[in-house]
Enquirer: 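The structure is given below, and queries will be raised subsequently.
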There are 2 protein chains.
Amino acid sequence: MKGMATIRDVAKLAGVSVATVSRVLNKNGYVNKETEQKVVKAMQQLQYEPNAVARGLAGKQTGTIALILPDISNPFFPELARGIEDAAQRLGFTVILCNSDDQGQKEKSYIEVLRKKYVDGIIFASNTLGQEEVVQMKQSSLPFVILDRAVANQVCTVIRCNNYEGAKMAVQHLLDIGCQKIAHIYGPQELITARERLRGYEETVKGFPWYSPSLMVPGSFRFDGGLQAVEELLRLHPDVDGIFAGNDLMALGVLKGLKRKGIAVPDQIAVCGFDGISLTEIAEPELTTVAQPIYEMGAMAAEVLIKKIKTGDTNPGLFELEVRLIQRDSTRKRVRG
Amino acid sequence: MKGMATIRDVAKLAGVSVATVSRVLNKNGYVNKETEQKVVKAMQQLQYEPNAVARGLAGKQTGTIALILPDISNPFFPELARGIEDAAQRLGFTVILCNSDDQGQKEKSYIEVLRKKYVDGIIFASNTLGQEEVVQMKQSSLPFVILDRAVANQVCTVIRCNNYEGAKMAVQHLLDIGCQKIAHIYGPQELITARERLRGYEETVKGFPWYSPSLMVPGSFRFDGGLQAVEELLRLHPDVDGIFAGNDLMALGVLKGLKRKGIAVPDQIAVCGFDGISLTEIAEPELTTVAQPIYEMGAMAAEVLIKKIKTGDTNPGLFELEVRLIQRDSTRKRVRG
DNA sequence: GTCTGATGTGTAACCGGTTACATATGGACG
DNA sequence: CGTCCATATGTAACCGGTTACACATCAGAC
C-alpha cells in the first residue's frame with residue numbers, strides 16, 4: 001500500500017516505456033538484452049512487485065482457484081485440501097476455501113462470488129453439484145474439476161478412486177480372514193462413491209448362502225451414522241462377524257457402538273472402513289481400511305485444473321486413482337473355529 | 001466472462017452516467033429515488049454483477065482475507081478454519097488458505113503474494129511469526145490478528161484462550177479424582193500456549209511432596225510426540241497415576257502408548273488433554289479435555305479482523321476466551337484405595 | 001538497390017470499476 | 001433578492017497493469 005512502485009515508475013527510472021517493462025515482466029515479445037538489464041535493475045532498485053489485482057483486471061487471470069467442499073471440519077477434507085493447496089502453491093496459484101454444507105444455495109452463491117472475483121477455476125468436492133449448475137458452469141467457460149463425484153449424464157473432468165474395486169477388496173479381505181456373515185453400512189445414495197461401494201459389496205457377497213438385503217443398512221457417512229447403524233444392524237443380525245462400513249468415519253462409529261455393547265473387535269466382529277483418513281491410526285483398535293490416496297487426489301485435482309486453465313483445454317476426462325487395503329488390528333486374523 | 005455487462009452498459013441503458021450507477025451500487029452520494037429505480041431496473045435487465053477485481057483495483061478493497069496456519073491437516077485447525085470461514089462469509093468476505101508448515105520462509109513468501117493480491121487482512125494461526133515479520137506487518141498497514149500466539153515485545157491484536165487457567169483446571173481435576181502423582185507432557189516452548197500450560201501445571205503441583213521437575217517431559221504437540229513422551233515418562237516414573245498432556249493430539253498418543261503397554265485408563269493412569277478437538281470423543285476411552293471454544297475463536301478472529309478492516313482501527317487488543325473442562329471416561333473417578 | 005522479415009520499442013487504448021471536481025437546481029433565510 | 005447549502009448528476013482522471021498497433025532499424029535475399 002505504502003508508496004508501492006508501479007510499472008510506470010520502473011519505466012521512468014529505466015528510461016523505457018511501460019510496454020517494455022511489461023515485456024520483461026512477462027518474458028514475452030522482443031526485448032534487447034541490455035534493455036532488459038536496465039529494467040531488471042530498475043525493478044530491484046524500486047523493489048518493484050507487480051500488482052496482482054491490476055494484472056487480474058487487465059489479463060483476466062488472477063492466479064486464484066477455489067475449493068468448494070461440504071465442510072472442512074469433516075476429517076476427510078483437510079488432507080484433500082492440503083494436497084490441493086500444496087500443488088496450487090507449487091504452480092503459483094492461491095486457494096480460496098468455501099464450505100457449502102452441501103447446501104445448493106450456499107454453493108450457488110459461492111460460485112457467483114467467485115466468478116465476480118475472477119477466480120481462474122473451481123474444484124468441487126461438494127455433493128450438491130446438480131445438473132443445472134454443471135451445465136451453467138460449462139457454459140460460463142470457467143474451468144472446473146470434480147472430485148469424487150460423478151454427475152449424471154454430464155461429461156466433466158472427474159478425479160476419483162476406484163470405489164467399486166476398493167469395496168470388493170474390503171469384503172474379500174473380511175472373507176479371507178474367515179468372516180462368515182458380513183454386513184455393509186452404506187452411505188447416502190446420492191453419492192456415487194457410496195453407490196459404488198455398495199455395489200462392490202453386493203457383487204462380492206450375493207453368491208453366499210447367508211446373503212440378505214437386510215445386511216445392508218443405511219448410514220450418513222458420519223460418526224453418528226455408524227453408531228446408529230450398527231445398533232440397527234445388530235438388532236436384525238446379531239450374528240454378523242464382519243462389518244464393512246462405507247467410510248472410515250462410520251467405521252469409527254461402529255467401533256464405538258460395538259465397544260459400548262461389549263462386543264470385541266476383531267474377535268467377535270471384524271470391522272473395515274474406507275477412505276484411509278489418519279484417524280484410523282488413532283482409533284483403538286486401529287482400523288483396517290481401504291485407503292484412497294487422499295492427498296494425491298487433491299494434488300492431482302489442482303494440477304489437472306491448473307493445466308486446464310493454462311492451456312484452455314476444455315475436454316472432459318476421468319482420472320481414477322488406485323486404492324489399497326491397509327490391514328490393521330480391527331481385522332487381525334482370528335484363529336479359525 | 002461471456003459478455004458480462006459492465007457498469008457502462010448499465011449506465012447507457014438507464015440513461016445516466018457511470019458515476020450515478022456506482023452511487024446506486026455503493027449506496028453513497030446523492031441519488032434521486034426515481035433515477036435509482038431506473039438504474040436498478042437496468043441492472044436487473046442486464047443481470048449486471050459488479051466486477052470484484054476492478055472494484056479491488058479502484059477501491060483497494062478486495063473483500064478477501066487470508067488465513068495462515070501451519071497445516072490444515074492437523075486436527076486442531078479445520079474447526080478453527082471453519083469458524084473463520086463462516087464468519088467471513090457472513091460478513092461478505094472470502095478466505096484464502098495458506099499452509100506454512102511453520103516455515104518462516106513459506107510464511108514470508110505467502111505474505112508477499114497476499115499483499116500483491118490486495119488481501120484486506122491476514123489471520124495468523126502460525127507459530128513462526130517472528131519479531132521482524134510483525135514489525136514489517138505493522139508498518140505495511142495491512143490489518144492482521146494473531147490467533148493463539150503471543151509475540152514477544154510487540155503489541156498486536158491477539159485472540160486466545162486462557163491457557164494458564166485451563167491447565168490449572170486440568171491438574172486440579174486430576175487431583176480431585178484422586179491422582180497421587182501427576183505428570184505433564186508439554187509442547188514446544190516457543191509456543192506461548194505450551195508455556196502457559198506448563199506454568200499452570202507447575203504452579204498447581206509444586207507444593208506437593210511428590211513434585212519433581214522430571215515429571216515434566218517434552219513432547220511435540222503431535223500424536224507421535226505423546227506416544228514417545230509417555231514411554232520416556234514411564235521409564236522415569238513408573239508410578240504416575242495421572243497425566244496431563246499439553247494438547248489433545250499428544251493425549252491421544254499417550255492413550256495409545258498406555259494401551260500398548262497394557263496399562264488401563266483411567267484405572268491405572270488417568271489422562272487429560274487440552275484443546276477439545278472432536279477426536280477426543282472418538283477415542284477409546286473417550287478423552288477428558290480442557291476444551292477451547294475453537295470454532296468461536298476462529299469466528300471471533302475473523303470478526304475482529306474484519307472490523308479492523310472496515311473501521312481502519314489499528315489499535316492492539318487482547319481477546320481472551322474461556323475454556324471449560326469436559327470430563328469423560330479417561331478420568332472417570334476411581335474408587336479411592 | 002529494394003524488398004522482406006525478424007527484432008526492438010513506444011503510444012495509447014483498454015480492463016471495469018471509484019471518486020474528485022464541476023455544474024445545475026431549488027428551497028430557506030436574512 | 002442575493003446568498004448559502006442540500007440535492008442530483010455528469011465528466012474525466014485514476015487504480016496499475018496488458019497489448020494491439022505503429023514505427024524504426026537492420027540483416028539477408030533477390
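For clarity, every value in this text was computed on a predicted model and none was experimentally measured. Proteins get letters first, then strands, A, B, ... in listed order; numbering begins at 1 in each.
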Enquirer: Nucleotide by nucleotide, 5' to 3', does protein get under 4.0 Å of the base (B), only the sugar-phosphate (S), or neither (-) in nucleotides 12-26 of chain D, counting heavy atoms?
Expert: B--BBBBB-------

Enquirer: Who passes side-chain contact (heavy atoms from CB on, under 4.5 Å) against B:Leu13, sequence neighbours left out?
Expert: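 For B:Leu13, the residues satisfying side-chain contact (heavy atoms from CB on, under 4.5 Å) (neighbours in sequence not counted) are B:Ala42, B:Gln45, B:Leu46.
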
Enquirer: What distance do B:Ile96 atom CD1 and B:Leu67 atom CG have between them, rounded to the nearest 0.5 Å?
Expert: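 Here the rounded value is 10.5 Å.
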
Enquirer: Going by number, which of residues 9-16 of chain B have a non-hydrogen atom under 4.0 Å from DNA chain C?
Expert: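 Those residues whose heavy atoms fall under 4.0 Å from DNA chain C, taken from residues 9-16 of chain B, amount to none.
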
Enquirer: Is there a side-chain hydrogen bond (donor to acceptor under 3.5 Å, both in side chains) between A:Ser73 and A:Asp71 once you walk through the steps?
Expert: CA-CA 5 Å; A:Ser73 49; A:Asp71 179 8; 2.7 Å; yes

Enquirer: A:Thr62: which residues meet the side-chain contact (heavy atoms from CB on, under 4.5 Å) condition with it, sequence neighbours left out?
Expert: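 side-chain contact (heavy atoms from CB on, under 4.5 Å) check on A:Thr62 returns A:Thr64, A:Tyr118, A:Asp120, B:Val53.
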
Enquirer: With no hydrogens and no angle check, do the side chains of B:Tyr295 and B:Asp86 hold a donor and an acceptor under 3.5 Å apart?
Expert: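 Indeed, the side chains of B:Tyr295 and B:Asp86 share at least one donor-acceptor pair under 3.5 Å.
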
Enquirer: Using the rule given for side-chain hydrogen bond (donor to acceptor under 3.5 Å, both in side chains), can you reason through A:Arg115 versus A:Ser140, listing the C-alpha separation, both sets of side-chain angles and the distance that settles it, and then say yes or no?
Expert: CA-CA 9 Å; A:Arg115 187 180 316 237; A:Ser140 79; 3.2 Å; yes

Enquirer: For the CG atom of A:Leu57 and the CZ atom of A:Arg55, what is their distance to the nearest 0.5 Å?
Expert: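 Answer rounded to 0.5 Å: 13.5 Å.
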
Enquirer: Just to be sure I understand the geometry, which residues of residues 29-43 of chain A put a non-hydrogen atom under 4.0 Å away from DNA chain D?
Expert: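 Heavy-atom contacts with DNA chain D come from no residue of residues 29-43 of chain A; none.
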
Enquirer: I'd like to check the side-chain contact (heavy atoms from CB on, under 4.5 Å) partners of A:Tyr30; sequence neighbours left out, ordered by chain and number.
Expert: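 So A:Tyr30 forms no side-chain contact (heavy atoms from CB on, under 4.5 Å) with any residue.
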
Enquirer: Heavy-atom count around B:Lys12 NZ within 6.0 Å, excluding the residue itself: above 12?
Expert: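 Not buried by this count: 12 neighbours or fewer within 6.0 Å.
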
Enquirer: Show your reasoning for whether side-chain hydrogen bond (donor to acceptor under 3.5 Å, both in side chains) applies to B:Thr314 and B:Lys308.
Expert: CA-CA 7 Å; B:Thr314 169; B:Lys308 273 179 180 300; over 6 Å; no

